[in-house]
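All values below were derived from every heavy atom in this structure, side-chain atoms included, with hydrogens, water molecules and symmetry-related copies excluded. Along the sequence shown, the residues carry numbers beginning at 1.
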Amino acid sequence: MQAGLSVPARTQWMGEIQPLAVLIISSIALLIIGVVMISSASMDMAVETMGNGYHYVIRQLMFAAMGSMLALVSVNVPMAWWERSGWLLLGIGLLSLILVLTPLGRTVNGSTRWIPFGLFNVQVSEVAKLCLIAYLAGYVVRRRDELLNTWSGFLKPLVVLGVASALLVIQPDFGATVVLVSAAAGMIFLSGVRLSRFVPLIATLVVLGVVLVLTQPYRLKRVVSYLDPWKDQFDSGYQLTQSLIAFGRGEWTGVGLGNSIQKLFFLPEAHTDFIFAIIAEEFGLLGSLIVLALFAALVVAGFVIARRAEKAGMPFGACFAYGITLLIGLQAGINMAVATGLLPTKGLTLPLVSYGGSSLMISCVSIGILARIEMERIDKEKQGTNKTGPRKRGGARYD
């Protein structure tokens, strides 16, 4: 007999690695990495601008605690509530995108994306993305036949998505628009819509994207600097070149925690949009790959949860899980691609890692929802097993 595990033993061993455990472990690991790296990346800037080197890390710890509580709350909210509250969530999402454009909105660096709420500002795009994905998941389930078989059923959710995207572009928040549209389109595609229906949609989105880039000088400068950042390394290409320098300094194992040079006012937004570059500088290629692997594990766990929910007859939970996983995965992928120069610069945070209350708390809520979907699936399977009882094949009982 060949040494090693038999096929049934290997299958049983692989079955012990549950997506829920992977989801929780990878999320907690990324959260801890985020707090540690924000402490490292922001301390010098906090001393200079706030007079307290621990200003940002204390706030991030507060956000992490609030996010953990919200995750526990979302774990205890049944999927049935999210499904029947689709119109309410759509209203909240669109209303928040409208309110930020009123005098209630706060403008930072030319973008009006936040509404002040006492101790912190709420970035409305983070709330709106989750609300819209929840609504669209409900639509896919309610109108599945219409969605799959008619153009009108396919276009109706796109109208809602178009309104939300227009409100995001006005802020302007082009990065959030890309993430929302891509995640929504991916969720609708995974629901079973034919790829041929997406061809005109993709062509339209490409044309609109080109128009948005060409009509806004700052976006055009970003694209030009992305193609050759070293051509204007002290102006339009400054952020990207400084990020690439951070990656170069990190080499294989990094310069060590706290020893980054780029965070000393060379790399703008070092503790927010470009924290992945500081991770690469201080922990090198090895540290970068660990973070990448943690996000990959989180995304795979999310897709496994969605697929299992689909097989268990939970269509809304499956669609919602696909949408949430795509939101997290796309935003993380775009952030890391921007930091490494694979995509033009966009103002997107790295989920669970970057500094920012709105992004962190909504990410925690999203993780809690994914956990709830898997827990409901497990409960459903247990109830089904209890009702049917043990089955037999060839005289041998098996569960």
* Charged N to carboxylate O under 4.0 angstrom, Arg372 versus Glu376? -> yes

[atom2] on [Y] to [atom1] on [X], rounded to 0.5 Å:
{"X": "Ser39", "Y": "Tyr355", "atom1": "OG", "atom2": "OH", "result": "13.0 Å"}
{"X": "Leu326", "Y": "Ser182", "atom1": "CG", "atom2": "OG", "result": "9.0 Å"}
{"X": "His271", "Y": "Lys263", "atom1": "NE2", "atom2": "NZ", "result": "12.5 Å"}
{"X": "Gln123", "Y": "Arg113", "atom1": "CD", "atom2": "CZ", "result": "6.5 Å"}

* Check the side chains of Thr349 and Ser354 for a donor-acceptor pair under 3.5 angstrom, ignoring hydrogens and angles. => no

* To do: Check whether the side chains of Glu282 and Ser40 place a donor and an acceptor atom closer than 3.5 Å, and report yes or no.
  => yes

For a quick test of your reading: what N or O donor-acceptor pairs under 3.5 Å do the side chains of residues 272-280 make, sequence neighbours left out?
from   : atom 1 : to     : atom 2 : distance (Å)
Thr272 : OG1    : Glu269 : O      : 3.3
Thr272 : OG1    : Glu269 : OE1    : 2.9

* Within 6.0 angstrom of Glu48 CD, more than 12 heavy atoms from elsewhere -> no

* To do: Keeping to residues at least two apart or across chains, list the ring pair (Phe, Tyr, Trp, His ring centres under 6.0 Å) pairs with something in residues 181-212.
  => Phe154-Phe198, Phe189-Phe198

Does some side-chain heavy atom of [Y] sit less than 4.5 Å from a side-chain heavy atom of [X]?
{"X": "Gln18", "Y": "Ile378", "answer": "no"}
{"X": "Val353", "Y": "Phe295", "answer": "yes"}
{"X": "Val300", "Y": "Val22", "answer": "no"}

With a cut-off of 3.5 Å and sequence neighbours excluded, list every side-chain donor-acceptor pair involving residues 129-140.
from   : atom 1 : to     : atom 2 : distance (Å)
Lys129 : NZ     : Gln331 : OE1    : 2.7
Tyr139 : OH     : Gly153 : O      : 2.8

* Asked: Would you say Leu294 and Leu257 are hydrophobically clustered, going by side-chain heavy atoms of ILVMFWY under 4.5 Å?
  -> yes

* For Val338 and Pro344, work out which heavy atoms get closest and say how close. => CG2-O, 3.2 Å

